[in-house]
Amino acid sequence: MGSTNSTLSKIPNVEELMQETGFTPAHIVRLYDRFEALDKEKTGHLRPQDFGAINRLAMNPIGDRIIGAFFSPGQETVDFHSFVRILAHFRPADKKRPKDPSMPEPVNSRTSKLKYPPLVFSLISVAFQLYDQDKDGKISRAELLQVLRSMLEMQVTEEQLESIADRTIQEADLDKDDAISFEEFRKSLEKVNIDHKMSIRFLR
Amino acid sequence: MIYDRVTIKLLEGLCHKPPKFQNGVKIVLLLLLYQMKLAVNFLTIGLVILSLPCGSYTEIPPKPPGSVTVLPPVKPAGGPQAFPDAENSNLPVFTMDYARIQVPFEVTLWVLLASFAKIGFHVYHKITFWVPESCLLISIGLIVGAIMHSVHEEPPAVLSYNVFFLFMLPPIVLESGYFMPTRPFFENVGTVLWFAVVGTLWNSIGIGMSLYAVCQIEAFEVQDINLQENMLFAAIISAVDPVAVLSVFEDVSVNEQLYIVVFGECLFNDAVTVVLYNMFIFVADMPVVEPVDVFLGVARFFVVGLGGMGFGVIFGFVASFTTRFTSNVREIEPLFIFMYSYLAYLVAELFSISSIMAIVTCALTMKYYVEENVSQRSCTTIRHVVKMLGTISETLIFFFLGVVTITTEHEWNWGYIMFTLLLALVWRGLGVLVLTQIINPFRTIPFNFKDQFILGYGGLRGAISFALVFTLPDSIGRKKLFVTTTICMIMFTVFIQGISIRPLIEFINVRRTNRNLETINVEIHSRLIEHTIAGVEDLCGQWSHYYWKDKFLKFNNRILRKILIRDNRAESSIVALYKKLELQNAMEILDTVSGDINAGSSIVSLQYVYPLCPSSSCSFSLSLSLSLSLSLSLSLSLSFAFSLACSPSLSFSLSVSHSLAPSLACSLSLSLSLSLSLALSCSLSLILLLSLSLALPLLLALSLSHSLALSFALSLSLSLPLSLSLSLSLSLSLSLSLCTNDTHTLWPCPSLCVSLCPPCCLSYTSLHLIHPSSLTHYPFNLNRSDGYLSNTSRRVGIWSIYQG
């Protein structure tokens, strides 16, 4: 644990980070090591190209969108704190943590979007962000088509893609504006246990 | 008249009753024997009925040996004779050979009876909501068993080792394996195997040891059961049974993780059970247990478990490969599925390896590839047939559990039985707690205490334990005690735990899943989320089962699919789901426009031609007088539902006078049908089905009116318990008895009928039959059609789960 402590001391504001995200020291250390491994030029910030170096991520159909999710609009780089904060969304929801009213509700709560400024995402809004690249608060037909195309690649023709997209919008679109708003998105997923599906067990 | 010796015995016992009732009783007892000696009784009953109005009652000579019954001449009220003279040296016009068809005939009748019971349950929806079907089936089985026991008949040996394990169990396990949701299964495979293997071991050893300790207590008088026998018994009853568990958990929607662990555990604990059972049987004969035997046991476990899985996978691949070439023989495509999976089962049984695991893994492996190779129709056929076979098997198993409970010999021992029940619960609870604590850190979504409670509580035992205990070698001294204890265990878990698990789940608010979530939205978003998770994990540089899943998928795409699938176009689940949903939509459109016409012709005809459609029950609130006619309608409508051809004729017959003589004359000419319809009036629902299958409306109606008088008399004369049992399954007949026009006979009957009939029969009643001859159209058929549609949609719903 000595190395842990020494690594921890290198990270500024680590206590606050741990409280906010709920990661244990071991998790933070591991993530820091990963951060440093990705940050080849040791600038303390990551750029999109650094993410692109991960081969398997490059092969992921929505790899570039995932990378994009780490960068808030306008930012070119991401530092360790933001890195950890975004990853904290994927931790399994820890129900045993005492509800201390003074403490801000942890980042990975399902509804935190409603209580926090737009920069703090909830799980669903993370998913929503992956669709909504132009950040207008709606998934338009074109954006949906793009995602479908990247996921289905060679398997279907363009017409089939369009019919699938049509059906998707038809199912979810309640106010008939030919786009899926965040509310409609949330509603279509209300029966799905997002916590279960979107949780990653972070290794120590 | 020809009766067999049983009837004679019973008839002798009734000498003290008044003659009129005696006749009636004799008739009903005869009809009770239907199930056993059906063909013979058909004719004999016909003859009995014929002779009754004449006031005469012929002698009862003993049945001559030989299968062909020769019938003496009868003097009917005036009509053609149906039966030839006894002494004939000429060509016999009419012969009968029951023994030749006996076995298949009785098998068919038992299956029909059990299936009929299943139909009967769904008449009243609330029952099946709160009480799982397994309990209802066991209850009906108990009643039939009581009937059979009272006439000293042996039930067919369905739960014997060979019949059960070779014919009854494979369909159920195939169905579970085929419809197992693969994705959640593979995500939880570690937990499943952990609970199946270690959990069962824990239970067996724990229960065995504690029971041995209990046996040492002198007060219970079971000191002669040694340790090996106790361990053997514990191995038998500690296995959670897939049949019982699935029938309960199917209706209850707990969250997916919990469901898959319970589901998987009960399927995969077979390996451990097989090993332990064989080991302890072997050891029970040996005086001394050596340590090397324990090691051999462990080695055997690996052979059994991995061998089972290995065989399953091999056969699965062979089946997939075979279906690659079946594009020209589409009609027999489904056959390959069944044959290969059954073959996997049998080969595993040959080597005494876990056959259940073999067939389950075969189905799992096969499904994915086969469904891409076969045509759409074959796919549907396979699913339908698998589901049908599984349901039949399950129905029969529970039914016979009830029957055999009554007819086996029991040895009751309060201490042993109570302690077994208690220990089983305690050890399962402890086992779940301990094992979950150990495995939770390795799970992404750990089990909370509520999940653990349901996991422990959902450990139902069922027919596999019973079959195993039934075939214990007789060298084990206290075999009867074991049988009784196993039955108690099964009854306890199936009834008490099975019934209470649904309210408990709602009460403690376990995390639920709505399983009907097949929308294209959910599929697309789920896919997206999976990719995201995989991506983020790569980002964090860690492996998880997504990594393995990815690797397997690549291997699958590159190699396996090329070999096993004919038309290799990798298809994303999104596209597959989209196609499926579009197909479903198209079918739904067709259904609402024209589909109901076919089945709906029955509803239509019922609605306009003969408004006797069953509607939802309102009978209880009605007055007695009304209930009379209601019960009448009950019987008629039920017969309706099944023989649509009857509809016009039945009304006709009702409006016709109820005079018996002319109907007799008519019925004589068609002896078989007459007797069958008589059976309708007085006997088991089984017979009902038979008579209905002969769509001879006029005779049916006529004989109904005829037998009504008889059955009425019967009901009064019989003691309450018997009539109770009659009424449960024979609610039809009792109500039939009310339709005669003699008002003085009507009054006592309704009280019997109403009070005894369970709600399910009365729910069929319609309001209309106050005026039997009127053909006005009542607006109650909407319930029926709604019920029909909702049934269809529910079926579709269930199917969509299984197609996941």
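Per chain, numbering begins at 1; letters A, B, ... match sequence-line order.
Using a 4.5 Å heavy-atom cutoff, the side chains of A/Leu130 and B/His525 are not in contact.
Within the 4.5 angstrom heavy-atom criterion, only side-chain atoms of A/Leu148, from C-beta onward, approach chain B. Residue A/Ile169: no heavy atom, backbone or side chain, is found under 4.5 Å from chain B. For A/Ser150, no part sits under 4.5 Å from any heavy atom of chain B, backbone or side chain.
Considering only residues two or more places apart in sequence or on other chains, A/Phe83 meets the ring-ring contact (aromatic ring centres under 6.0 Å, His included) condition with A/Phe35, A/Phe70. Taking the ring-ring contact (aromatic ring centres under 6.0 Å, His included) definition, one finds that A/Phe128 meets it with A/Phe182, A/Phe185, sequence neighbours left out.
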Run A/Tyr131 and B/Leu528 through side chain to side chain contact (heavy atoms under 4.5 Å, CB included) and show every step you take. CA-CA 9 Å; A/Tyr131 281 103; B/Leu528 185 88; 3.4 Å; yes
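Looking at every heavy atom in both residues, B/Leu581 comes nearest to A/Glu171 through CD1-OE2, 4.2 Å.
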